[in-house]
Amino acid sequence: MTDPASYRPAPGSIPAKPGVYRFRDPHGRVVYVGKAKSLRARLANYFQDPAQLHPRTRQMVTTASSVDWTVVRSEVEALILEHTWIKQYDPRFNVVFKDDKSYPYLAVTMNEQYPRMQVMRGDRRKGVRYFGPYAKAWAIRETVDTLLTALPMRTCAPGVFRKAERQGRPCLLGYIDKCAAPCVGRVSEEEHRELAERVCQVLAGDAKSIVRDLTRSMQAAAEREDFEAAARARDRLRALDNVMARNAIVLAAGVDADVFSLADDELEAAAHVFHVRDGRIAGERGWVVDKPEPLDPAGMVGQLVQEAYGAAEREEIPTEVLVPFLPDDAPALTEWLSGVRGAKVSMRVPSRGKKAELAQTGAGNATQVLEQHRLKRASDLTTRSAALQELQDALALDQAPLRIECYDISHTQGTNQVGSMVVFEDAIARKAEYRQFSIADAVDDTAAMHEVLSRRFRRYLEESQLPPEERESARFAYPPQLVVVDGGLPQVNAARRTLDEVGVPEIAVVGLAKRLEEVWVPGDDFPVILPRGSEALYLLQRVRDEAHRFAIKNHRAKRTKAMKVSQLDQVAGVGPTRAKALITHFGSLARLKEASIEQIALVPGVGDGTARTVYAALHGEGGMLGA
């Protein structure tokens, strides 16, 4: 723990202007990010008598060892910069709303040559239009199946699309008129993109123009007695009606609003939003959050709005944002949202009518989300805390190993060697912190582990001397409390010697032997035996198995790459560009081997002479390799 007085900025050195500030721990890691209308007034609150601070604020300022700030021109700029830094640093003392589950979206990939409609989860991609999120994936698939009757756009995976292109024959959906089959040229690229735009229009809640066009087509076909065309138009109209009927009408037609609700208590909170487009519920979403900083409901709503719209596109922001409490920085938030949308956005608390009723329904959903989160969190947090405490006691560590790193080596008879480093913080895998190390071939496992540990901790010593602003982008600047290696006493002793040689003797090392799952400590002739059902052993096993999985994954990728390029790289006249074109065209080296000389010659950039050379090289005919 540090004394906040030891790093308090000099009086008068803090500007009385809007800005964003960062508290850092002794290793330079950002532990808290905040914004302020006046940096001087806000930061002064943190450096008063610690006994007067809220317990969680007191914990933050005693964990930190320095503070810096950036002055901006307005509250809106401070809002944007704060959100960016929270996403970048993931500070442990900031309130960060996270999805209570991975909600599915219905997405249209407008960034592709032939846009595709599909169900998507996870991070958003640039150039993809998202609709939802929805509570149930099956409901989206039913909507897609019905919508394809009216607007048959592409839904197939890239592999299926390329196969249909090569064969000149569409898939089943093309035959049953649920795909316009751009893969075989039934519609042009421009016509299919127009079809995708109309799908987006319907999913956004506006089907009026499409319904009008289909009605005219049906009537015109009936007048000329083309009853088959009239029947197809009728079926498409019914399909559109079914799609629109799936979403309940809750507000007046033409109303676009997001209705937020919050369930809040002292230590945690949950939130819920209904996305209403053209008066219909187009989707919903929930968040959960632990509260490492004390925030009132208005402050929580401010953070929630930033989280909900931090990565939003212009068309995703409605004209109305309805919230349970008006945030303190509501003017800055509405100015920011209006800027992103390119039109005015209002934010208010609904007090009566259908909007207030919908907000009340959302509040019930938020309460349910919070209760489910509590049940899951109570079990998970208790288990993780027990595992870390058991490890501390069993290994006689000075503190609980909040950061654990595990290392493994993978190779095939000494070739394509790869070292892996996986990281667990608070007993949870931090995949963004994983690292891989490429190692020269013909190095035995002990020497390979020595190389990996040496490289990692020498980089740590170098980067720990960097200024805080440079340490932010460093890859190895933060040390673990515990290093785990796969193996018994010889391996763990070798790892201990490596860390001592590098100059980090304070970092604990253990080995986990697979045969009997014994935990070996350097210098001890007998292992530590953890009970078979203990949470500590289960945690070590998860860490070890994850390192093994990550190492094998990277080794296989390295080996596959070597196998793919080695044979083609040895063919005279085939450079990286032609090799890539060949593999891309055929999909794999195995399929390339099955191709004839004539088929190889069809690849752009590959002529008859090169095709014969490639064919001979891949089929072992002498005199064709090398040069």
Side-chain angles (χ1 to χ4, degrees), residues 105-120 125-132 140-244 277-278 282 313-316 584-585 602 604:
Y105 288 82
L106 184 52
V108 180
T109 57
M110 301 301 291
N111 57 344
E112 296 185 17
Q113 181 181 6
Y114 294 100
R116 173 189 177 196
M117 180 165 52
Q118 64 183 115
V119 178
M120 277 190 178
R125 304 175 193 172
K126 190 174 182 180
V128 177
R129 294 188 190 175
Y130 292 87
F131 302 92
I140 302 181
R141 293 189 177 96
E142 284 188 1
T143 298
V144 169
D145 187 61
T146 307
L147 186 57
L148 291 179
T149 302
L151 299 167
M153 73 169 291
R154 174 196 166 205
T155 57
C156 62
V160 176
F161 189 88
R162 288 194 296 267
K163 181 180 179 181
E165 273 186 317
R166 289 195 302 269
Q167 295 178 340
R169 187 170 67 246
C171 64
L172 176 63
L173 291 177
Y175 282 109
I176 63 175
D177 294 329
K178 286 199 170 184
C179 178
C183 53
V184 294
R186 286 187 186 171
V187 295
S188 66
E189 180 181 341
E190 293 74 19
E191 289 171 331
H192 188 266
R193 184 163 292 276
E194 183 181 351
L195 188 62
E197 291 285 359
R198 301 188 86 180
V199 167
C200 293
Q201 189 178 346
V202 171
L203 292 174
D206 181 12
K208 295 175 183 176
S209 62
I210 301 172
V211 168
R212 185 171 58 248
D213 292 343
L214 283 173
T215 302
R216 289 174 180 170
S217 297
M218 181 179 67
Q219 292 171 347
E223 288 174 2
R224 63 176 184 268
E225 298 186 355
D226 186 354
F227 299 115
E228 290 186 4
R232 285 196 297 269
R234 178 203 62 199
D235 293 342
R236 290 183 175 182
L237 276 170
R238 287 176 177 173
L240 278 177
D241 287 340
N242 288 336
V243 169
M244 301 306 293
R277 298 296 181 268
D278 195 21
E313 301 289 339
R314 179 182 62 82
E315 60 272 8
E316 297 177 82
T584 301
H585 182 83
L602 292 176

Is there a donor-acceptor pair under 3.5 Å between the side chain of Arg154 and the backbone N or O of Cys179?
-> no

How many angstroms lie between CE in Met117 and CG in Leu148, if you round to the nearest 0.5 Å?
-> 4.5 Å

Distance col, row Met153:CE vs Arg193:CZ, nearest 0.5 angstrom, shows 9.0 Å

Smallest separation among heavy atoms of Pro170 and Ala164, with atom names | CA-CB, 4.3 Å

Check whether more than 12 heavy atoms from other residues, nucleotides or ligands sit under 6.0 Å from atom CZ of Arg224, and answer yes or no.
-> yes

Donor-acceptor pair, Arg116 side chain versus Thr155 backbone, under 3.5 Å?
-> yes

Mark yes or no for whether Arg162, through its side chain, and Cys183, through its backbone, hold a donor-acceptor pair below 3.5 Å.
-> no

Side-chain touch Thr109/Met120, heavy atoms, less than 4.5 angstrom = yes

Assess whether salt bridge (charged side-chain N to carboxylate O under 4.0 Å, His left out) is satisfied between Arg186 and Glu191, documenting all intermediate values.
-> CA-CA 10 Å; Arg186 286 187 186 171; Glu191 289 171 331; over 6 Å; no

Rounded distance [0.5 Å steps], CD in Gln113 versus CZ in Phe161 | 7.0 Å

In terms of heavy-atom contacts, Val184 and Gly168 come closest through CG1-C, 3.6 Å

Can you check whether Pro182 reaches Glu189 side chain to side chain, under 4.5 Å on heavy atoms?
-> no

State, to 0.1 Å, how close Lys126 and Asn111 come at their nearest heavy-atom pair, and which atoms those are.
-> O-ND2, 3.3 Å

Which atom of Leu195 lies closest to which atom of Pro152, heavy atoms considered = CD2-O, 3.4 Å

Would you say Glu194 has more than 12 foreign heavy atoms packed within less than 6.0 Å of its CD?
-> no

N/O donor-acceptor pair under 3.5 Å between Tyr114 side chain and Ala181 backbone | no

Any chance CZ of Arg166 has more than 12 other-residue heavy atoms, nucleotides or ligands included, within less than 6.0 Å?
-> yes

